[in-house]
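No hydrogens, no waters, no symmetry mates; every other heavy atom, side chains included, goes into these values. Fair warning: this is a prediction, and the values are worked out from it, not measured in the lab. Order of listing sets the numbers, starting from 1, for every ligand and every atom in it.
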Amino acid sequence: MEHMEKVHILDHPLLQHKLCILRDENTGVKDFREVVSEIATLMCYEATRDLPLADVEIKTPVATSTFKQLAGKKLAIVPVLRAGLGMVDGILPLIPPAKVGHIGLYRDPATLEPVEYYCKMPGDIAERDVIILDPMLATGGSASAAIQFIKNYDVKHIKLMNIIAAPQGIERVHKDHPDVDIYVAAVDEKLNDHGYIVPGLGDAGDRIFGTK
Ligand code: PRP
Ligand code: URA
């Protein structure tokens with residue numbers, strides 16, 4: 001795959017193990033939901049590795065010294081409804097002050113084009129760095145539309161976090177938005193005729209919310 005410097009494949013053993021649980025068709029709703037959230041936590045740890053730090057002086061019970069604390073812009077996370085909602089609870093404990101925006105998109109099953117049905121962003125979104133959350137990056141249509149949507153709010157720095165991607169999805173997002181860093185736990189083989197990732201994990205929204 002080209003443009004590898006913008007694509008971060010997070011292949012930590014814990015992530016690979018937890019992904020097996022998601023992929024297994026016998027995993028039920030409760031476990032699926034819990035593991036999506038756990039994976040989001042582990043991915044957030046990596047996706048925030050480049051956050052800027054600034055010196056701070058702290059007096060411990062023993063001595064005063066200089067340490068590092070987070071600096072720079074505040075963060076917002078934006079789950080793509082529905083399936084992205086499953087990642088929110090895993091992320092917020094790591095970055096509790098983050099605000100949460102929502103974008104509702106569904107893929108038209110015939111055209112595979114994203115259709116927008118809801119949007120609510122924090123009022124100060126333009127002053128924040130944004131991490132978009134969606135477990136699946138298939139054709140890339142939904143992610144590309146979500147990124148463009150957030151760029152329209154004048155957000156300058158956007159990251160995309162997906163649990164499983166198809167190569168086509170990564171290529172599409174990179175072509176449309178070469179400035180966006182993409183964090184994925186796995187890049188699968190291909191898409192099938194219905195636009196599902198193969199081998200993938202099925203329909204993420206249905207498996208998180210039990211709507212199949
Ligand atoms: C899924 C998934 C992504 C999209 C990926 O959502 O959560 O948003 O498909 O496909 P794409 O890369 O080809 O656009 P879906 O449209 O099934 O909606 P849902 O989350 O409400 O189930
Ligand atoms: N959306 C999903 O939920 N799963 C896929 O495999 C592709 C798109």
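In terms of N/O distances under 3.5 Å, ligand 1 is approached by R107. At least one N/O-N/O distance between A138 and ligand 1 falls below 3.5 Å. An N or O contact shorter than 3.5 Å is missing between D206 and ligand 1 by distance.
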Dump the intermediate steps for salt bridge (Lys or Arg N to Asp or Glu O under 4.0 Å) on D129 and K156, then the final yes or no.
CA-CA 7 Å; D129 291 340; K156 295 288 180 301; over 6 Å; no
Side chain to side chain contact (heavy atoms under 4.5 Å, CB included) evaluation trace for M121 with I103
CA-CA 8 Å; M121 291 296 144; I103 297 181; 3.4 Å; yes
Please determine whether salt bridge (Lys or Arg N to Asp or Glu O under 4.0 Å) holds for the pair K159 and D50, giving the CA-CA distance in whole Å, both sets of side-chain angles, and the decisive distance to 0.1 Å.
CA-CA 12 Å; K159 292 176 176 175; D50 62 348; 2.6 Å; yes
How far apart are the C-alpha atoms of K30 and E34, what are their side-chain angles, what is the distance that settles it, and do they pass the salt bridge (Lys or Arg N to Asp or Glu O under 4.0 Å) test?
CA-CA 6 Å; K30 176 177 180 290; E34 282 174 9; 3.1 Å; yes
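Only the side chain of D203 comes within contact range of ligand 1, with a heavy atom under 4.0 Å; no backbone atom does. Residue-level proximity to ligand 1 for T139 is carried by backbone and side chain together, each with a heavy atom below 4.0 angstrom.
Distances from atom 3 (C) of ligand 1 to the heavy atoms of L81, D134, V80 put D134 nearest.
Summarising the geometry of R207 relative to T27, their closest heavy-atom pair is NH2-O, 3.1 Å, with the distance given to 0.1 Å. Considering every non-hydrogen atom in both G195 and L112, the closest pair reads CA-CD1, 3.9 Å. The two atoms that bring A145 and P114 nearest to each other are CB-CG, 4.0 Å, heavy atoms only. The shortest non-hydrogen separation linking I77 to P79 is O-CD, 3.8 Å.
Per-atom contact check: atom 1 (C) of ligand 1 does not touch the protein, criterion being a heavy-atom distance below 4.0 Å. At a distance under 4.0 Å, a protein heavy atom can be found next to atom 12 (O) of ligand 1.
Proximity of G140 to ligand 1 is established by a heavy-atom distance of less than 4.0 Å. Ligand 1 does not have L112 within reach: every non-hydrogen atom of the residue lies 4.0 Å or more from it.
Nearest protein heavy-atom contact of atom 14 (O) of ligand 1 is S142 OG, 2.6 Å. Of all protein heavy atoms, the one closest to atom 21 (O) of ligand 1 is R82 NE, 2.9 Å. Atom 5 (C) of ligand 1 has as its closest protein heavy atom M136 O, 3.6 Å.
Distances below 4.0 Å separate heavy atoms of Y106 from the following atoms of ligand 1: 16 (O).
Not a single donor-acceptor pair under 3.5 Å links the side chain of T64 to the backbone N or O of T60. A donor-acceptor pair under 3.5 Å is absent between the side-chain atoms of K6 and the main chain of V180, judged by distance alone.
Residues P167 and K190 are not in side-chain contact: their nearest non-hydrogen atoms beyond the backbone lie 4.5 Å or more apart. Contact check for V173 versus L137: side-chain heavy atoms found under the 4.5 Å cut-off. Residues T111 and D108 have side chains in contact (heavy-atom distance under 4.5 Å, counting atoms from C-beta outward).
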Which pairs of nitrogen or oxygen atoms, taken one from ligand 2 and one from the protein, are under 3.5 angstrom apart?
unit_1, atom_1, unit_2, atom_2, d
ligand 2, 3 (O), A204, N, 2.8
ligand 2, 4 (N), G202, O, 2.8
ligand 2, 6 (O), I197, N, 2.8

